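Worksheet for the structure shown next.
First listed ligand is number 1; within each ligand, the first listed atom is number 1. Heads up: numbering here begins at 1 and tracks the sequence. As the structure is a prediction and not an experimental result, all values here were calculated from the model.
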Amino acid sequence: MESKLPDVGTSIFTKMTVLANAHGALNLSQGFPEFDTPSKLKHALAEQTLAGHNQYAPSPGLPILQQEIAALIARRYQQHIDATAQVTVTAGATEALFVAIQALVRQSDEVIVFDPAYDSYRPAVELAGGRTVHIPLSAPEYAIDWAYVKGAITDKTRAIIINTPHNPSAKILKQADLDALKSLLVEHDIYLISDEVYEHITFDDVPHLSVLRDPELSARALVVSSFGKTFHCTGWKMGYCVAPPHLSTEFRKIHQFVNFSSFTPAQLALAEMLRDAPEHVDQLSTFYQQKRDLLVQALASSRFKILPSEGTYFLLLDYSDISDLDDVTFCQQLVEQTGVAAIPLSVFYDQPNGDNIIRLCFAKEEETLIAAAEKLCRL
Ligand code: PMP
Ligand code: GLN
């Protein structure tokens, strides 16, 4: 059969985790927490299923969870949204991104993405009949040149996808970025998809400037988030999309045929957690900053150059003083010979640029981080 996605293979995250397990390596590749979801949340999930809340939720989401998400946005971003009309609960951010893209992108439309880019954007755009236009960003700053972005806009440009805090560069967009983005969107009548799954993981008091804070930007945006990152439950596949009512209507037309509705007991448990334990979200940055600092310190005597991590649970390492191998081969050898699994950065690029950079995930126990750093320091 002729493939609709001829260039797509198994995701690098799956591949590296399989390789890590096969070699008994410390797995700092795929981004998921090694520690468990809070026990309060696990108990809430168990109680909701035992209480018999096991049938379909309304397609956009249970009102109680929509309300708690709106309350979270009001508390964190001082913006009041209409929970019923604007919040749609999805099967993780992956579904939300896919549906947002299907809702916006028409045959031959162009969508601007910034490389390194998360792997799910491009296939979703192509399945909608569109094409991604890739704007490469360079280490170590991964800064966006907005004049260059302007030059990439054509009359086919339908949307721009941003991701802040950014996987894998760990950078956060600043106010000047959002201002420049806003003027381009308005001038050219372009939509925005804002992937903010790491919104609550920021370091050194660098603020996360959610698109939801800015009424002009959010008026033309679908903002995507994930409970997996916030509550250490990536396996629950729970996320959501916040958009203006007219965009939510289009989003929901597709969501109802992709997922119809998301896991009812988890919606109830997450609503309870958001209501009763707001401190969990508020402490997340401190929690992860300690892990970042521990790993950075443990790697201080290594020959890797450590790139700054402003948010997310990722840290980039430049290995050009250690090896000339390309990053995919380097990562393969790292698993097989050193016992540490990492992600090569080239897989996030349409046109790999030959950088010698790998990504480590530090959402791991202290012992794992220290053991991995000890191995890496021997190189
Ligand atoms: N966007 C980015 C940038 C991510 O890193 C991830 C997951 N790691 C997702 C989206 C998908 O999130 P989810 O697991 O909730 O589908
Ligand atoms: N987003 C995670 C990462 O960047 C992986 C998610 C997945 O495996 N699909 O590592």
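Residue contact check: Asn163 has heavy atoms under 4.0 Å from atoms 3 (C) of ligand 1. Atoms of ligand 1 found under 4.0 Å from any heavy atom of Lys237 (numbered from 1 in listed order, with element): 13 (P), 14 (O), 16 (O). Interface of Gly92 with ligand 1, defined as ligand atoms under 4.0 Å from a residue heavy atom, comprises 15 (O), 16 (O). Listed by atom number, the atoms of ligand 1 under 4.0 Å from Ser226 heavy atoms are 13 (P), 15 (O).
Looking only at atom types and distance, the side chain of Thr368 has a donor-acceptor partner in the side chain of Glu34 under 3.5 Å away. Looking at Thr312 and Asn167, their side chains never bring a donor and an acceptor atom within 3.5 Å of each other. If you check the side chains of Tyr349 and Asp355, you find no donor sitting under 3.5 Å from an acceptor. Between the side chains of Asp293 and Gln297, no donor N or O sits under 3.5 Å from an acceptor N or O.
Protein heavy atom in closest approach to atom 11 (C) of ligand 1: Thr94 OG1, 3.4 Å. If you check which protein heavy atom lies closest to atom 8 (O) of ligand 2, you get Gln30 NE2, 2.7 Å. The protein atom (non-hydrogen) at minimum distance from atom 8 (N) of ligand 1 is Lys229 NZ, 2.4 Å. When hydrogens are left out, the protein atom nearest atom 2 (C) of ligand 1 is Asp195 OD2, 3.4 Å; that is the closest non-hydrogen contact. Atom 12 (O) of ligand 1 has Ala93 CB, 3.4 Å as its closest protein atom, hydrogens excluded (heavy atom only). Taking atom 5 (O) of ligand 1 as the reference point, the nearest protein heavy-atom neighbour is Tyr198 OH, 2.6 Å. Counting protein heavy atoms only, atom 1 (N) of ligand 2 is closest to Tyr118 OH, 3.1 Å.
Judged by the 6.0 Å and 45° rule, Lys305 forms no cation-pi pair with Tyr319. Cation-pi geometry between Lys291 and Phe287 is satisfied (NZ or CZ under 6.0 Å from the ring centre, within 45° of the ring normal).
The proximity of Glu95 to ligand 1, defined as any non-hydrogen pair under 4.0 Å, does not occur for either the backbone or the side chain. At a heavy-atom cutoff of 4.0 Å, ligand 2 is contacted by no atom of Asp119, backbone or side chain.
Of the options Asp115, Asp350, Asp7, a side-chain hydrogen bond (donor to acceptor under 3.5 Å, both in side chains) to Arg122 is made by Asp350 and by none of the others.
Other residues, nucleotides and ligands place more than 12 heavy atoms under 6.0 Å from the CD atom of Gln256.
Below 30°, between 30° and 60°, or above 60°: for Phe227 and Tyr240 the angle between ring planes is between 30° and 60°, a tilted geometry.
Residue contacts with ligand 2: Ser29 is placed with no nitrogen or oxygen under 3.5 Å of a nitrogen or oxygen of the ligand (distance criterion only). For ligand 2, one of its N or O atoms has an N or O atom of Gly31 under 3.5 Å away.
Two residues are said to be in side-chain contact when any heavy atoms from C-beta on lie closer than 4.5 Å; Leu41 and Trp236 meet this criterion.
Under the 4.0 angstrom criterion for non-hydrogen atoms, Thr234 is not in contact with ligand 1. Ligand 1 lies nowhere less than 4.0 angstrom from a heavy atom belonging to Phe227. Within the 4.0 Å heavy-atom shell around ligand 2 one does not find Phe32. Not a single heavy atom of Val224 sits under 4.0 Å from any atom of ligand 1.
A ring-centre distance under 6.0 Å is found for His280 and His232. Taking the six-membered ring for Trp, Tyr198 and Tyr313 have ring centres closer than 6.0 Å.
The residue among Arg359, Lys229, Met16, Lys15 with a heavy atom at the shortest distance from atom 3 (C) of ligand 2 is Arg359.
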